[in-house]
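So you know, we letter chains A, B, ... as the sequences are listed, proteins then strands, and number each from 1.
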Amino acid sequence: MTIQIHDTLRGEKTELVPLVPGQLGIYVCGPTTYDFAHVGNARPYTAFDAVVRYLRFSGFTVKHARNFTDVDDKIIRRAHERNEDPFALSARYIDEFESDMASLGIQRPDVAPKVSEHLPEIIALITELVATDKAYARHGDVYFRVRAFNGYGKLSHRNVDDLKSGARVEVDDTKDDPLDFALWKAAKPGEPFWESPWGAGRPGWHIECSAMSAKYLGQPFDVHAGGKDLVFPHHENEIAQSEAAHGKEFARYWIHNGFVTLSSDGVGDDAKISKSKGTLLTIRAILERFDGEALRALLLSTHYRNPLAFSEQALLDADRRVESVYTTLEAAGRKFGARAESADEKVMAQFCEAMNDDFNTAEALGRLAAPLSRLGELAAKKSPKSPTSEEEREARSLLAAVRKATGVLGLWDRDPAARLLERRTTVAARLGLDPATVETAIAERTAARASRDFARADAVRAAWLAKGVELMDTPAGTTWRILL
RNA sequence: GGCGCCGUCGCCAAGUGGUAAGGCAACGGUCUGCAAAACCGUCAUUCCCCGGUUCGAAUCCGGGCGGCGCCUCCA
């Protein structure tokens with residue numbers, strides 16, 4: 001069983017063969033921390049989290065590195081605007097980022113290196129490039145000589161001459177060639193800086209990923225991941241400077257996720273959540289109204305390379321699905337969960353087949369629908385069979401498989417009953433609703449039903465339904481849920 | 001101008017040569033005092049359009065229409 005991975009460099013799917021059998025090093029380009037992360041940021045980290053989880057599930061020992069770019073023009077600019085220390089600002093948004101990631105069920109990477117803590121490595125790398133004339137210093141800046149690296153453009157499939165003719169780069173006399181990019185930038189007054197052989201300054205944008213990935217994963221390493229927008233110039237430049245310096249391949253496989261686009265689906269409240277067109281929507285804003293697991297489910301509902309149209313309606317649909325699957329798992333767990341059974345092999349094979357094909361989470365999720373619905377069917381059956389009957393064995397085996405597979409995706413991996421209760425109470429709190437008042441109403445309604453005063457009972461239910469609370473009668477009593 | 005992506009049921013979405021997964025919604029049914037939930041069933045002879053290749057195409061090729069991205073600091 002092999003894993004096929006769509007490699008941007010080769011431009012096609014290819015078998016993932018690790019450098020060292022059984023081990024995999026993966027580097028995911030992390031955020032520049034100058035503000036809250038937005039939905040677009042949520043995508044790569046969620047998608048590649050699922051990839052890492054699956055690779056581990058498949059038996060690989062994975063070393064996952066994801067950097068924080070905490071030294072950057074945007075951070076400095078934002079800090080100046082707010083009269084704040086750039087490092088303090090950056091550190092604050094790193095914390096916020098970690099919190100968002102946790103809400104999305106994203107596991108922490110094994111290493112999360114920061115640029116500010118790797119100046120020696122960065123300076124050493126630039127020094128090497130300068131020494132071999134692959135880079136040159138100019139007025140305290142250092143530039144990479146793009147023409148000196150003949151593989152330039154191989155990742156983004158562009159040729160250097162096309163780039164030059166179409167370049168919207170202003171003519172700059174300090175550079176030998178307009179395509180050359182900065183490895184090191186001389187410090188301007190008031191900016192943070194480090195001492196270097198070229199004077200006081202700070203790293204350019206691309207160099208940190210080259211230096212830190214080499215330090216933690218070696219050269220070459222297996223998989224380099226990031227958003228599609230980073231292919232050019234960021235990743236192209238990483239390859240150029242790394243391969244020029246080390247004289248060997250940089251990363252062996254490149255995977256890139258597609259964009260999240262904001263779409264107005266015309267379903268009323270869309271504007272409220274996506275603000276005006278072009279405004280970036282933060283993860284935090286979404287979490288104020290929705291569950292992180294719903295957002296994760298939405299992000300994994302399409303293949304990671306395809307574009308994903310984000311909308312309030314899409315999120316509502318995802319949320320409904322999250323709840324309904326938990327409902328099925330709860331019912332099945334209550335009826336069959338007492339005894340353990342090994343996971344159904346067919347279901348696992350189906351799941352793995354989808355994931356092995358370039359981590360197709362959408363396909364994998366689709367394949368779990370059948371066992372899930374079978375599980376619901378078995379859980380709904382009235383006549384209790386003996387606990388050792390064939391059907392019960394089947395149910396336990398399906399339940400084990402579904403829980404195992406969804407767990408790999410980082411979805412439906414909590415205790416269903418606790419999860420449903422938690423969802424209900426947090427949503428209630430968000431809406432300013434006291435669960436106790438609902439319970440009181442339920443008691444009142446139960447009394448009305450007992451005395452067969454159905455008009456009264458229906459009135460109570462209708463009143464709460466108008467407030468978005470649905471009362472549901474079950475053999476075990478009346479429960480309720482909140483309609484989003 | 002250069003490079004690239006996308007267009008599959010009302011909505012989301014998988015499928016990249018072998019005769020259209022799945023989810024949501026909708027509709028019918030079981031259950032229920034009635035509902036809801038849950039469960040059962042129905043729901044694309046067809047994949048933006050036109051041509052071509054092929055025994056066979058949503059899938060490959062050519063053209064068109066529509067949407068989108070990148071081309072120096074944006075995941």
Participant: Sugar-phosphate atoms are those with a prime plus P, OP1 and OP2; base atoms are the rest. Using that split, label each nucleotide of nucleotides 3-9 of chain B B, S or - for protein heavy atoms under 4.0 Å, 5' to 3'.
Facilitator: S-S----
Participant: What's the CZ-C1' distance between A/R334 and B/A37, to the nearest Å?
Facilitator: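 Interatomic distance, CZ of A/R334 to C1' of B/A37: 12 Å.
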Participant: Quick test: give all pairs of protein nitrogen or oxygen and nucleotides 16-25 of chain B nitrogen or oxygen below 3.5 Å, distance rounded to 0.1 Å.
Facilitator:
| residue | atom | partner | partner atom | Å |
| --- | --- | --- | --- | --- |
| B/G23 | O3' | A/R321 | NH1 | 3.4 |

Participant: Distance check, C1' atoms only: B/U46 and B/A58, in whole angstrom units.
Facilitator: 9 Å
Participant: State the pairing partner of B/U32; accept Watson-Crick or G-U wobble contacts with both distances under 3.5 Å, and report none otherwise.
Facilitator: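 Answer to the pairing question: none, since B/U32 forms no Watson-Crick or G-U pair.
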Participant: When you measure from the side chain of A/P44, which nucleotide among B/A37, B/A75, B/G33 comes out closest?
Facilitator: B/A75
Participant: Whole Å only: how far is the CG atom of A/N159 from the C1' atom of B/C71?
Facilitator: 12 Å
Participant: Between atom OH in A/Y304 and atom P in B/A13, what is the gap in whole Å?
Facilitator: 17 Å
Participant: Between B/C34 and B/C48, how far apart are the P atoms? Round to whole Å, please.
Facilitator: 46 Å
Participant: Considering only B/G33, B/C39, B/A36, which nucleotide approaches the side chain of A/T328 most closely?
Facilitator: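 The nucleotide sitting nearest to the side chain is B/C39.
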Participant: Using the C1' atom on both, measure B/C43 against B/A26 and round to a whole Å.
Facilitator: 8 Å
Participant: B/U72 and B/G67: how far apart are their C1' atoms, nearest whole angstrom?
Facilitator: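 My reading of the C1' atoms in B/U72 and B/G67 gives 26 Å.
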Participant: Any idea which of B/C73, B/A35, B/G15 is nearest the A/M472 side chain?
Facilitator: B/A35
Participant: Nearest-Å distance, CG (A/L300) to C1' (B/C12)?
Facilitator: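 Going from A/L300 (CG) to B/C12 (C1'), I get 14 Å.
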Participant: Give the rounded distance in Å between these two atoms: CZ of A/R449 and C1' of B/C34.
Facilitator: 9 Å
Participant: Roughly how far apart, to the nearest Å, are B/C5 and B/U16 at atom P?
Facilitator: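 It works out to 16 Å between them.
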Participant: Work out how far the C1' atom of B/A20 is from that of B/C50, and round it to whole angstrom.
Facilitator: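 Nearest-Å result for B/A20 against B/C50 at atom C1': 22 Å.
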Participant: On a whole-Å scale, what distance lies between the P atoms belonging to B/A75 and B/G23?
Facilitator: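 Roughly 36 Å separates the two P atoms.
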Participant: Considering only atom C1', compute the distance from B/U8 to B/C49 and round it to an integer number of Å.
Facilitator: 15 Å
Participant: Could you check whether A/H206 gets within reach of a base, just the sugar-phosphate, or nothing at all, counting any heavy atom under 4.0 Å?
Facilitator: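 Nothing: the residue A/H206, judged by heavy atoms under 4.0 Å, touches no strand.
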